[in-house]
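Side-chain atoms are counted along with the backbone in the values below, which use heavy atoms only and exclude waters and symmetry mates.
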Amino acid sequence: MQLALFLIFGVLAVLAGLNLLAQRHPINSALSLIVVMLSLAVLYWSLGAEFLAAAQVIVYSGAIMVLFLFVIMLLNAGEEVRSKGSKVASLIGFPGAAAIFCVLSFAFLSERDKLGMTTLGGDLTGATSNITEISHVLFTSLLLPFEVTSILILVAILGAVVLARKEL
Amino acid sequence: MSPNLIAILPEIVLTLTAVLVMLADASLAPGKPRRLLGWVAILGAFAAGSFSLWQLRLVDASGPITAYSGTVQVDAFSVFFHLLIAAIVMVTLLGSLDYFAPPAAMAEHSETARLAYTHVGEYFALVLFGATGMMFMTCSVELLMVFIGLEISSISTYILAGFRKGQGVSAEAALKYFLLGSFATSFFLYGIALAFGATGSTSIAAIAAGMSTTHTPVLALLSVAMILIGIGFKVSAAPFHVWTPDVYQGAPAPVVGLMSTAPKAAAFAVLLRVLFNAVPTLRATWLPLILALSVASMFIGNLGALMQRDVKRLLAYSSIAHAGYLLAAFTSTHPEAVASACFYTAAYAAMNVGAFLVITELSGVDETMRTIDDFTGAAKSRPYLSGLLAFFLCSLIGIPFTAGFFGKFYVFSAAVHGGFTWLAVLGLLNSGIACFYYLRLMTALYSRPLHGEVRGAMARVTPSAALGLAFAGLATLALGIFPGPVLSLVQRAAPKTIPIISSAPSSSATASLTNGQ
């Protein structure tokens, strides 16, 4: 069951990711990104990280993608135009992506035997629900990072005011 | 007061001041002068620095303070960087109080000056918020907290880089810095995730313990490499330096002075803690990477600077080279590496903030003086400012009786003691190359003007800016003549991370292993 889910949604995520790159119109790319995000959510869920899966759907597929579509709509962006720069980008980008893929797959494959023993917890493995775990950690040992994130958001709001406000 | 509050008191003070400045700015009528807000911000930075000194007395009396379940650790190391960051912020704010033209004189100023002036309150608030993030970076011993601090400091600097609204280069600088910076931060975050995968924790003490017992050494290596890439971008070490010249060229000059020193100091603090406290067992692996970064940064920085005509781009390449010199200190053993690296960050901060403040005063918000040709003959009309710039350039070269000399001396002797004499020789060779372009700028200042008259802002240096310049100049001179007090602080700064015996998965093993080291 888990293997079947992984195969279906893993392949779907990779295909949608490639489609995102191949599409010339920004709307089509944004819609492919939604497929990638939702497939990743299913993968997280199948690993027992149900909180992460829910957050992925709500934050990425919901909030961020709506924002993307609004921006594309407001800018009235048309098809992208190929320039000299985009040729150079693909010349460097594809080998770079392939190199990162090779390094990561080498690292994970060489540790294959030990990684099998790692369990992420969650309902599927019979441990406590990871929402309980996360909320416990968030309000005990990681309380300070959680609270300081508010400064981060404040800075972002301030930046939006400074850079985007219409000048009088 | 609870120990938790004492440990993050400087950060709390800075945050409250920044919020106060932000709210006061919003309630002031547009067009009203905002100089007072700048003074409030300077006072806030001063208070944060004073509280850090008070923390140092507590640390001396009763050892390092840990707080928030081992997220934050206050020790001589964190206090040193807190003081450094507070000082940089104070000098930058002093130098830029009158950078944005007041409304009375607006008629003779350009559109850029007017646009920037409307956001001057937000400018002060953003500088303080950024400093809060940097201070959190230096006192955190939990990588997630480091990450949040890094994001706060980075996002504030992205915004500050784009403060000259309405100018193409400024928008380019902000956007380029933002996109590349987010890309680099994602490497740092991936590194933290892999470290968690290899050791089961994101706390530095627990990672140190877990590294020797981990079942997945390849993941551990990959995590160190990823963290190194993320930090390498933040300190603009080659080959992660490509953003530096464009961003420094487009950002306002006082902001460049700030962002080439304070966030870099904080990033180096993180790197010191991670390399020497979390993964000292992997030294054989990260040492070649550090060597490669150091050599590449020195050569690319200095050779790149030789070809620049734009003064801000020239100083950008010089800052890449200085990151290379600083990384050379990492080849030494623990206490000496930390001491020399800390001293060098302080020396570099003093002279670089000073150099950019002089450029701020010379060229003004419109930056009419850009290339070396524009600076030619500046000494005739602005003798004091030119003399000060020449002094800071001498320090950047590393001439004795300036901060730069002792900085380079300690860094290269650390490399020699670490057994890397060839690295020190390469460093000295590079200092020789660097002489060429610094001296070219210096001789240009004292040559006959090319166009008969020097363009640029002719406004008088205001008393506050003069105070900032004097502070930077005296710091550069003092570090070059009496390095003793700072040296005695950095020599006991070498951080030791105290293991937390609570959340780590194998807490008994954690405690015994770390005590053994």
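- Contact of Leu142(A) with chain B is made through the side chain alone, with heavy-atom distances under 4.5 Å.
- If you measure heavy-atom distances from Ser110(A) to chain B, the contacts under 4.5 Å come from the side chain alone.
- Ranked by heavy-atom pairs under 4.5 Å with chain B, the first of Thr149(A), Thr140(A), Leu104(A), Val103(A) is Leu104(A).
- Leu12(A) CG to Asn19(A) CG: the interatomic distance, rounded to the nearest 0.5 Å, is 10.5 Å.
- Rounding to the nearest 0.5 Å places CD of Glu147(A) at 9.5 Å from CD1 of Ile8(B).
- The part of Thr15(B) that comes within reach of chain A is its side chain, from C-beta onward, which places non-hydrogen atoms under 4.5 angstrom from that chain.
- Contact of Val19(B) with chain A is made through the side chain alone, with heavy-atom distances under 4.5 Å.
- Leu160(B) does not touch chain A: none of its heavy atoms, backbone or side chain, sits under 4.5 Å away.
- At distances below 3.5 Å, at least one donor-acceptor pair connects side-chain atoms of Thr185(B) with backbone N or O atoms of Gly181(B).
- With chain B as partner, the option from Val148(A), Ile153(A), Leu143(A) having the largest number of non-hydrogen pairs under 4.5 angstrom is Val148(A).
- Here Met134(B) contributes atom CE and Leu150(B) contributes atom CG; the two are 10.0 Å apart, rounded to the nearest 0.5 Å.
- With a threshold of 4.5 angstrom between heavy atoms, Leu194(B) approaches chain A through side-chain atoms but not through N, CA, C or O.
- For Glu142(B), the part lying near chain A is the side chain, with the backbone staying farther off; criterion is any non-hydrogen pair under 4.5 Å.
- Of the two parts of Thr132(B), only the side chain, counted from C-beta on, holds a non-hydrogen atom closer than 4.5 Å to a non-hydrogen atom of chain A.
- For Phe136(B), the part lying under 4.5 angstrom from a heavy atom of chain A is the side chain only.
- In this structure, Ile155(B) and Phe129(B) have side chains that are not in contact, with every pair of non-hydrogen atoms separated by 4.5 Å or more.
- Residues Ser61(A) and Gln56(A) bring no donor and acceptor atom of their side chains to less than 3.5 Å of each other.
- For Leu219(B), the parts lying near chain A are the backbone and the side chain together; criterion is any non-hydrogen pair under 4.5 Å.
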Begin from the C-alpha positions of Ser186(B) and Tyr190(B) and carry the test side chain to side chain contact (heavy atoms under 4.5 Å, CB included) through to its verdict. CA-CA 6 Å; Ser186(B) 69; Tyr190(B) 203 172; over 6 Å; no
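- The aromatic rings of Tyr177(B) and Tyr158(B) stand perpendicular to each other, their planes meeting at an angle above 60°, with 30° marking the opposite boundary.
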